[in-house]
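In what follows, every heavy atom counts, from backbone to side chain, and hydrogens, waters and symmetry copies are set aside.
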Amino acid sequence: QVQLVESGGGSVQAGGSLRLSCAASGYSISRLCVGWFRQAPGKERDGVAIIDSAGRTRYADSVKGRFAISKDNAKNTLYLQMNSLKAEDTAMYYCAARGGNYCDLSSVFNAWGQGTQVTVSS
């Protein structure tokens, strides 16, 4: 079972940037679909971005052009570069993983990190 630990969250003003990291252990993320999800207070958890084992990416429409997902297989770490942040990006961000060569934002992920809070003030 892969273990995931997020970091990099914080408070930033609108228009700013943050980079989230997700350190994986117990399994190589090069063989997994991995992604970022977020949940704002009182709302359901939504998919933000995913990257599959071949490096193909998918993004939620709300973050296209502003966020970029990437991974460093050698470091076994997943990243989310977030630019032009908006107040509506405020949420707890979670890293997740699942097996298989292909996945998308609606796939069921079965390994989750504890989350890192992102707060964007307007």
Side-chain angles (χ1 to χ4, degrees):
Q1 179 79 9
V2 62
Q3 290 81 45
L4 304 168
V5 179
E6 303 95 333
S7 61
S11 297
V12 64
Q13 289 192 331
S17 299
L18 282 174
R19 188 176 82 152
L20 305 183
S21 298
C22 173
S25 60
Y27 202 82
S28 173
I29 63 170
S30 66
R31 302 179 181 181
L32 300 173
C33 285
V34 286
W36 291 96
F37 296 75
R38 65 186 181 187
Q39 186 168 21
K43 295 187 177 181
E44 294 186 351
R45 185 169 58 196
D46 293 324
V48 175
I50 61 94
I51 183 167
D52 67 19
S53 58
R56 292 171 294 217
T57 59
R58 304 280 191 281
Y59 293 93
D61 288 343
S62 59
V63 306
K64 282 180 181 176
R66 299 189 299 122
F67 290 12
I69 188 171
S70 62
K71 61 179 180 174
D72 186 329
N73 290 332
K75 294 182 178 179
N76 217 26
T77 300
L78 176 70
Y79 302 100
L80 184 68
Q81 179 67 44
M82 305 186 295
N83 299 325
S84 302
L85 282 161
K86 305 176 181 179
E88 50 264 44
D89 294 319
T90 295
M92 184 70 79
Y93 282 72
Y94 298 91
C95 171
R98 59 166 280 151
N101 295 324
Y102 175 81
C103 60
D104 59 34
L105 291 172
S106 63
S107 298
V108 176
F109 285 72
N110 50 23
W112 294 85
Q114 83 289 348
T116 186
Q117 179 67 38
V118 171
T119 302
V120 184
S121 57
S122 57

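In this view, Q1 and Q3, A111 satisfy the side chain to side chain contact (heavy atoms under 4.5 Å, CB included) rule, not counting sequence neighbours. With sequence neighbours left out, the side-chain hydrogen bond (donor to acceptor under 3.5 Å, both in side chains) criterion links S53 to N101. Checked against salt bridge (Lys or Arg N to Asp or Glu O under 4.0 Å), R56 has the following partners two or more places apart in sequence or in another chain: D52. For S121, the side chain to side chain contact (heavy atoms under 4.5 Å, CB included) test picks out Q13, with sequence neighbours left out. With sequence neighbours left out, the salt bridge (Lys or Arg N to Asp or Glu O under 4.0 Å) criterion links R66 to D89. The side chain to side chain contact (heavy atoms under 4.5 Å, CB included) test applied to S11 returns T119, not counting sequence neighbours. Annotation: side chain to side chain contact (heavy atoms under 4.5 Å, CB included) contacts of D72 (sequence neighbours excluded): A74, K75, Y79.
Alongside V12, the hydrophobic cluster contains V2, L4, L18, L20, Y27, I29, L32, V34, W36, V48, I51, Y59, V63, F67, I69, L78, L80, M82, L85, Y93, V118, V120 (criterion: ILVMFWY side chains under 4.5 Å). Clustering of Ile, Leu, Val, Met, Phe, Trp and Tyr by side-chain heavy atoms under 4.5 Å joins V108 with none of the others.
Taking 4.5 Å as the limit, some side-chain heavy atom of S17 sits within range of a side-chain heavy atom of Q81. At least one side-chain heavy atom of F109 sits less than 4.5 Å from a side-chain heavy atom of I50.
Atom-to-atom distance recorded for Y94:OH and W112:CH2 is 9.0 Å, nearest 0.5 angstrom. Between N73 atom CG and R31 atom CZ the span is 10.5 Å, to the nearest 0.5 Å. Atom NZ of K86 sits about 8.0 Å away from atom OG of S62, to the nearest 0.5 Å.
Sequence neighbours left out, the pairs with a member in residues 102-111 that pass side-chain hydrogen bond (donor to acceptor under 3.5 Å, both in side chains) are R58-Y102, D104-S106, D104-S107. Among residues at least two apart or in separate chains, disulfide bond (SG atoms under 2.5 Å apart) pairs with a member in residues 12-122 are C22-C95.
Annotation for G47 and F37: closest pair CA-CD2, 3.3 Å, computed over non-hydrogen atoms. Residues S21 and T77 share a closest heavy-atom pair of CB-CG2, 4.3 Å. Of all non-hydrogen atoms in A14 and S122, the two that sit nearest each other are CB-CA, 4.1 Å.
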Walk me through whether T90 and Q117 qualify under side chain to side chain contact (heavy atoms under 4.5 Å, CB included).
CA-CA 8 Å; T90 295; Q117 179 67 38; 4.1 Å; yes
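Between the side chain of E6 and the backbone N or O of Q114, at least one donor-acceptor pair lies under 3.5 Å.
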Report all side-chain donor-acceptor pairs from residues 39-46 shorter than 3.5 Å, counting only partners two or more places apart or in another chain.
{"from": "Q39", "atom 1": "NE2", "to": "K43", "atom 2": "O", "distance (Å)": "3.0"}

